[in-house]
Amino acid sequence: MKIVHTIEDLRTELLIWRQAGETIGLVPTMGALHDGHMSLVSLSREKTQRTCVTLFINPKQFGENEDFNTYPRNKKDDAKKLKSAGVDILFQPDSRVMYPQNFSTSVSVKGLGDVLEGQARPGFFIGVATVVTKLLIQSLPNIAFFGEKDFQQLLVIKRLTRDLNIPVEIEAGPIIRENDGLALSSRNTYLSPNERIIAPILYGTISQIAEQVSRGAALSDQVNWGRSQLLQAGFTFVDYLSIRETETFSEAKDISRPARVLVAAFLGKTRLIDNVLI
Ligand code: AMP
C-alpha cells in the first residue's frame, strides 16, 4: 500500500491506474478506523479495481466547542488495518495541504444542510461539503463510498455531486453495529463503562419507533415517546429525533413513502447519532 501526503503525489499515482483503464474507489475517513469504515473498504474492493482511502481529520467540520483536539487519532494502526485489507493507496494530507494560506472557498448545500445535524452543529455541513468536494476533485474516483450511519451527510454529498456536476458515483454502505445494536463510531471510545451500557438504548428506541409506526402508530406520538424514553434511560439531551422522508428529507406526515427515523443525543459529553429505515 502506498502512502501519499500531497495532492500531486495522489494524482500521479491515480493517473497511472486510470490510464491503464482500472476503476478507482474512494473511501473518505477521519481515521480511528473500525469495522464500519472497513465495510466501506470491502465494498470498494468488490466494486472497483483500485481502492483509495483518505484519512484527514477535517478541522472545518468541528465547531468551536467540539472535540477536534481530542478526536481519536491512531495513524499507525489505521495504516496496518488498511494494508491488510488490500487498500492500494492511503492519502493522508495535513491541514496546510488541504487548506493553504488564504483558502477562502466553501461549499454550502442550502436547505438539506441546514436542518437536523446542520441546525444542531452550525457550519458542520459546510465543512463536510467543502472537504468532500475537494477530495472528489483531487482523486476523481469512479465511485465514492459513504456510510448510511451519517444518513443526512450522504444526502448532502449526493446533492453536491449532482449540483456541481462532479463525475463520480456516490454509493452507500449499511450501518455496522455492535452485537447489542450500538452503531460503531470512533467517538464510542469516549463512553464510560456505565454510558456504554446505556448507549444501545438509542438504537433500541428508534427501532421500536420504526416498528410502531409501521404498525400504524401516530408519528408525532412516537417521536414524543422516544424523546422521553431516551431522557429516562440517562441520555442528557436530545438534539433531535425526527422522522423524515428518505427522498426529500422533508418531515414525514405518514409512511406512504420511504422514511427514516433519525436521532442525535448526548450521553454525558458524548454525542451519538443513529438512524433506521422504517
Ligand atoms: P468518519 O471517519 O466518521 O468521517 O466516517 C467515515 C465514513 O465511514 C463515513 O462515510 C461514515 O458514514 C462511515 N461510517 C462511520 N461509522 C459507520 C458505521 N457504523 N457503519 C457504516 N459506515 C460507517
Side-chain angles (χ1 to χ4, degrees), residues 25-47 51-63 66-68 70-75 77-79 81-82 85 87 90-93 95 98 113 116-118 121 124-136 139 141 143-161 168-191 196 199-200 202-203 206-207 260 262-264 270-277:
L26 183 78
V27 182
T29 81
M30 297 205 299
L33 301 178
H34 51 63
D35 287 351
H37 299 113
M38 298 314 287
S39 71
L40 296 174
V41 169
S42 304
L43 205 56
S44 173
R45 299 241 310 134
E46 269 167 43
K47 304 239 164 162
T51 290
C52 173
V53 172
T54 69
L55 195 171
F56 178 60
I57 305 179
N58 176 30
K60 288 200 188 294
Q61 70 187 71
F62 287 80
E66 293 186 346
D67 55 345
F68 176 70
T70 52
Y71 194 83
R73 286 160 168 85
N74 219 342
K75 277 190 183 172
D77 280 358
D78 287 348
K81 279 186 193 171
L82 296 172
V87 167
L90 169 61
F91 177 43
Q92 220 170 37
S95 276
M98 288 302 265
L116 303 192
E117 280 295 292
R121 304 178 67 188
F124 170 68
F125 279 127
I126 293 175
V128 169
T130 303
V131 81
V132 171
T133 300
K134 284 173 66 71
L135 291 169
L136 293 177
S139 58
I143 314 178
F145 297 87
F146 295 89
E148 285 182 342
K149 160 88 186 338
D150 302 280
F151 190 77
Q152 190 179 0
Q153 170 175 290
L154 176 67
L155 296 187
V156 164
I157 291 164
K158 282 186 175 166
R159 182 73 61 85
L160 76 85
T161 308
V168 173
E169 196 182 314
I170 303 300
E171 194 157 316
I175 303 175
I176 307 301
R177 301 180 178 282
E178 302 280 7
N179 288 335
D180 59 12
L182 177 64
L184 298 191
S185 164
S186 307
R187 290 189 168 101
N188 289 351
T189 54
Y190 297 157
L191 297 169
R196 178 62 190 81
L202 193 67
Y203 175 58
I206 56 173
S207 300
R260 272 187 188 252
L262 299 109
V263 68
T270 307
R271 187 172 184 276
L272 300 175
I273 68 168
D274 203 349
N275 69 87
V276 289
L277 183 67

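Since the structure is predicted, the reported quantities are computational estimates derived from the model, not experimental observations. Ligands are counted one by one from 1 in listed order, and the atoms in each one are counted from 1 as well.
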Side chain or backbone, does [X] bring an N or O within less than 3.5 Å of an N or O on ligand 1?
| X | answer |
| --- | --- |
| I175 | no |
| I176 | yes |
| G173 | no |

- request: May I ask whether A32 has any heavy atom positioned less than 4.0 angstrom from an atom of ligand 1?
  value: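 Checking ligand 1 against A32, which is what was asked, there is no heavy-atom contact under 4.0 Å.
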Which of the numbered atoms in ligand 1 are below 4.0 angstrom from a heavy atom of [X]?
| X | value |
| --- | --- |
| F146 | 10 (O) |
| H34 | 15 (C), 16 (N), 17 (C) |
| D150 | 11 (C), 12 (O) |
| L184 | 16 (N), 17 (C), 18 (C), 19 (N) |
| P174 | 20 (N), 21 (C) |
| L40 | 7 (C), 8 (O), 10 (O), 13 (C) |
| P28 | 6 (C), 7 (C) |

Can you tell me if [X] uses its side chain to pair, donor with acceptor, with the backbone of [Y] under 3.5 Å?
| X | Y | value |
| --- | --- | --- |
| E171 | I143 | no |
| S44 | T51 | no |
| D78 | M30 | no |
| K134 | M98 | yes |
| T133 | A129 | yes |
| T130 | G127 | no |

- request: Check each of A144, S185, G36, S186 against atom 18 (C) of ligand 1 and report the one with the nearest heavy atom.
  value: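 It is G36 whose heavy atom sits nearest to atom 18 (C) of ligand 1.
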Return the residue, atom name and 0.1 Å-rounded distance of the protein heavy atom closest to [atom].
| atom | value |
| --- | --- |
| atom 1 (P) of ligand 1 | H37 NE2, 3.6 Å |
| atom 4 (O) of ligand 1 | M30 CG, 3.6 Å |
| atom 23 (C) of ligand 1 | K149 CB, 3.9 Å |
| atom 10 (O) of ligand 1 | G147 N, 2.9 Å |

- prompt: How about K149 and S185: do any of their side-chain heavy atoms sit closer than 4.5 Å?
  reply: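 Sidechains of S185 and K149: in contact.
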message: Contact between I175 and F151 at the side-chain level, heavy atoms closer than 4.5 Å - yes or no?
response: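 Result no, sub-4.5 Å side-chain heavy-atom pair not found.
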field: Ion pair R177/D274, N-O distance below 4.0 Å
entry: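 Here R177 pairs with D274 in a salt bridge, since their nearest N and O are under 4.0 Å apart.
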message: How about CZ on R45, more than 12 heavy atoms from neighbouring residues, nucleotides or ligands closer than 6.0 Å, or not?
response: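 No - once you tally the heavy atoms of other residues, nucleotides and ligands closer than 6.0 Å, there are 12 at most.
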